[in-house]
Chemist: 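Structure provided below as structure tokens; questions to follow.
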Amino acid sequence: MKQKNKMLSHKDVKTLFETKLTQLTSLAAESRNETIFKNKLNDYLLSAHIKNPIAAKNIARLIENDSKTVYELSTEKEIEIKTISLLWQFLTNRITDEETSVDLWLDLYQQFLRLYHVPNNIPNEKQIRQWMKRWPDGLNEDVRAIRNANKERIISLLIKKIENRHAPSSRYVFPEGINDEEKRQWVNQWWNEARFHLALAIKSPTELNKMLGNSLSEETMQLYQQARKKGMPFFITPYYLSLLNPTGKGYDDAAIRSYILYSPQLINTYGKIHAWEKEDVVEAGKPNAAGWLVPDGHNIHRRYPEVAILIPDSMGRACGGLCASCQRMYDFQSERLNFNFEELKPKESWDKRLRKLMEYFENDTQLRDILITGGDALMSQNKTLRNILEAVYKMAVRKRNANLKRPEGEKYAELQRVRLGSRLPVYLPMRINEELMDILKEFKTKASAIGIKQFLIQTHFQTPLEVTPEAKEAIRKILAAGWTITNQLVYNVAASRRGHTAKLRKVLNELGVICYYTFSVKGFEENHAVFTPNSRSLQEQHEEKILGKLNKEDETEFLTLLRSNNDRATAVKKFCTEKNIPFVATDRSVLNLPGIGKSMTFVMVGITPDGKRILEFDHDHTRKHSPIIHQMEKVFIKENKSIYQYMLQLREMGENPEEYNSIWNYTEGETEPRFPLYNYPDAGFKITETYSNLGMEQE
């Protein structure tokens, strides 16, 4: 990997084996077939030459799984594992270059090289802090100067767009007879309204290119045209577009660009995308992949006993923009989620359906957590959101009252947590207005009185650059309303660069936002361009996030501070200063597994001929799961990018691959414990052990 300017060839890697791993090549040469080779390898792993027992355990596991056929859950196809058999063929010249990839041999070379070295290249605190300094946030003066210029250019184009609009019913029209400067004043005023950005959103590649000063390449424009022909939605607000940097100088905006620029793989697969979360595929009267019966339609998604997702039939089925790596791209493809705002406004039948959906929560024995999302929960109009929260409140009251008649041990779980999933604090922070805050305050006051204890806005900042003055003000308002803000990061390639996620944690913590999850990108082909191998997520967890890890004593102190202090931003900053840490590592690194929930507990069991790792996952033992996990075998997932291809991507982005070299060592992981803030409070009574809405026999 020290060759910076050329791709490695099969011959190059073969030379590495022959010069650095002479004992291995000798064992292969002495073996008449792959079975003998595997036996010799097993014996060799017990010899005195081996210095790293963890690496030896990893090789033994590859040997054990060689020649096995496993069921890969995401694609629902069987894969034959031939990792060590292929290695014997490679080392004895029994396989052609065309049959395998250099990526496979590089990964195996690194795995065997580990046998002789105990890792000692963990970066120190000084190095991590230097990496963090590379990434400015959206409050930085130089960043804001570029964005102010962007805004002025975009406003000039919006003025022309408004002048040419044929929508006299729109509220965004100029009074007759005003001059250009007055028009600019009007648009500057409208800029602070969320509806303005939705009404004037960019919906075509040509318009996007104009707004970016015609800076997009011809290749990118051709990709967008292909996307339009396939019917892919295209929607970017002027505000979010102003965050990009089309100048070619100044800040690196790749983490933002990767959210609005579509990859060839995404466009090619659009129309054939499958749901990664197989439990989201619902057939009337049948249990989903997690074993739960849910109402007909696509309003309730469920994989766990204690929580279910509610997706309203409202503008909440839209977003403030389409994220290129969206976990619900399958639903946009089927048009269950879309940007047709008029069509998404609630129909008269929605109120009746909402009551039926609330009955599902009310009559379920285990549900105590509702996540209202979409789309985006805050895309719903204020009146609609107020009605949804009122329905949730009334349901919680009825469930609580019904429990008064049930004996101890037979009581149902009562609603304890309400969450709103929204990226609008990022995409459209002006949506966080006073009327919305009044709704949230009013609901929290009423709901707290009946025993609901946790109120969260679950948002999604992807990069420090998204933390703008507008986003900062939106965060302040939400926290002042008494709601907690948690952040979920999608760990794509741009976000996975050294120090980037650590800096994001620091910036968010300083504003009072607590980090919740760091998600691996799901590994379907449409996400190939943005997929980061799970080994990098583990590397970040152990080598960068480690700066903010708390011991049990400090964890208890921090939790008490959060629960007792209304000024959360000041409290978190003070805590970090006193402990001399840049952030508090409260998030967990996970992958959403089809059907059984989130986990980062896995071992590598094989590598495909093209170098992609095959991981055997176990479920997260720290939380309550659907009983279906007792009927499931281990979950096998094939990653959709090799480590080598990921390293090449980093190099193309200007990174030094040598700074990531320890990534090869991360071949097994364990799900981190949940930060106590995210635990459910004690119900104060014994809940029934009986499950309802379960489409399978209970154990």
Chemist: List the steps and the verdict of ring pair (Phe, Tyr, Trp, His ring centres under 6.0 Å) for Phe519 and Tyr491.
Modeler: CA-CA 6 Å; Phe519 279 112; Tyr491 203 56; over 10 Å; no

Chemist: In this structure, are over 12 heavy atoms from other groups packed under 6.0 Å from Asn566 atom CG?
Modeler: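 Atom CG in Asn566 is not packed in, count stays at 12 or less.
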
Chemist: For the rings on Phe341 and Phe235, is their centre-to-centre separation under 6.0 Å?
Modeler: yes

Chemist: Applying side chain to side chain contact (heavy atoms under 4.5 Å, CB included), can you list everything that pairs with His619, at least two apart in sequence or on another chain?
Modeler: Ile596, His621, His625, Ile629

Chemist: Do other residues, nucleotides or ligands put more than 12 heavy atoms under 6.0 Å from Lys545 NZ?
Modeler: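 More than 12 within 6.0 Å, yes.
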
Chemist: Is it the case that Ser520 and Arg536 place a side-chain donor and acceptor less than 3.5 Å from each other?
Modeler: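 Side chains of Ser520 and Arg536: no pair found under 3.5 Å.
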
Chemist: Only one of Arg623, Lys549, Lys598 passes salt bridge (charged side-chain N to carboxylate O under 4.0 Å, His left out) with Glu672; say which it is.
Modeler: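 Of the listed residues Arg623, Lys549, Lys598, the salt bridge (charged side-chain N to carboxylate O under 4.0 Å, His left out) partner of Glu672 is Lys549.
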
Chemist: Would you call the rings of Phe339 and Phe332 parallel, tilted or perpendicular, taking 30° and 60° as the class edges?
Modeler: parallel

Chemist: Please check if the number of heavy atoms outside Lys472 that lie under 6.0 Å from its NZ is greater than 12.
Modeler: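 Counting neighbours around NZ of Lys472, 12 or fewer heavy atoms of other residues, nucleotides or ligands fall under 6.0 Å, so no.
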
Chemist: Side-chain donor-acceptor pair under 3.5 Å between Thr518 and Ser589, yes or no?
Modeler: no

Chemist: I'd like to know whether the aromatic ring centres of Phe443 and Tyr393 sit less than 6.0 Å apart in this structure.
Modeler: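 So the answer is no for these two rings.
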
Chemist: Assess whether salt bridge (Lys or Arg N to Asp or Glu O under 4.0 Å) is satisfied between Glu306 and Arg417, documenting all intermediate values.
Modeler: CA-CA 10 Å; Glu306 296 169 313; Arg417 179 184 295 169; over 6 Å; no

Chemist: Between Thr601 and Thr671, do the side chains contain a donor N or O and an acceptor N or O under 3.5 Å apart?
Modeler: yes

Chemist: Going by atom types alone, do Asn492 and Ser258 pair a side-chain donor with an acceptor below 3.5 Å?
Modeler: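 A donor-acceptor contact under 3.5 Å links the two side chains.
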
Chemist: If you count every heavy atom of other residues, nucleotides or ligands that lies below 6.0 Å from Lys579 atom NZ, does the total exceed 12?
Modeler: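 More than 12 heavy atoms, drawn from other residues, nucleotides or ligands, come within 6.0 Å of this atom.
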
Chemist: Taking atom NZ of Lys477 as the centre, does the number of heavy atoms from other residues, nucleotides or ligands within less than 6.0 Å exceed 12?
Modeler: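 Correct, the count exceeds 12.
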
Chemist: Which one of Gln462, Glu466, Gln458 satisfies the side chain to side chain donor-acceptor pair (under 3.5 Å) criterion with Arg423?
Modeler: Glu466

Chemist: Going by the rule side chain to side chain contact (heavy atoms under 4.5 Å, CB included), which residues pair with Ala571 if we only count those two or more places apart in sequence or in a different chain?
Modeler: Leu561, Asn565

Chemist: If you draw a 6.0 Å radius around NZ in Lys624, do more than 12 non-hydrogen atoms from other residues or ligands fall strictly inside?
Modeler: yes

Chemist: Near Lys383 NZ, under 6.0 Å, is it more than 12 heavy atoms from other residues, nucleotides or ligands?
Modeler: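 Count not over threshold, so no.
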
Chemist: Does the gap between the ring centers of Tyr516 and Phe675 come in under 6.0 Å?
Modeler: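 No - the distance between ring centres of Tyr516 and Phe675 does not fall below the 6.0 Å cut-off.
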
Chemist: Should we say atom NZ of Lys574 is surrounded by more than 12 heavy atoms from elsewhere, each under 6.0 Å from it?
Modeler: no

Chemist: Counting the benzene-type ring for Trp, do His460 and Tyr259 have ring centres under 6.0 Å apart?
Modeler: yes

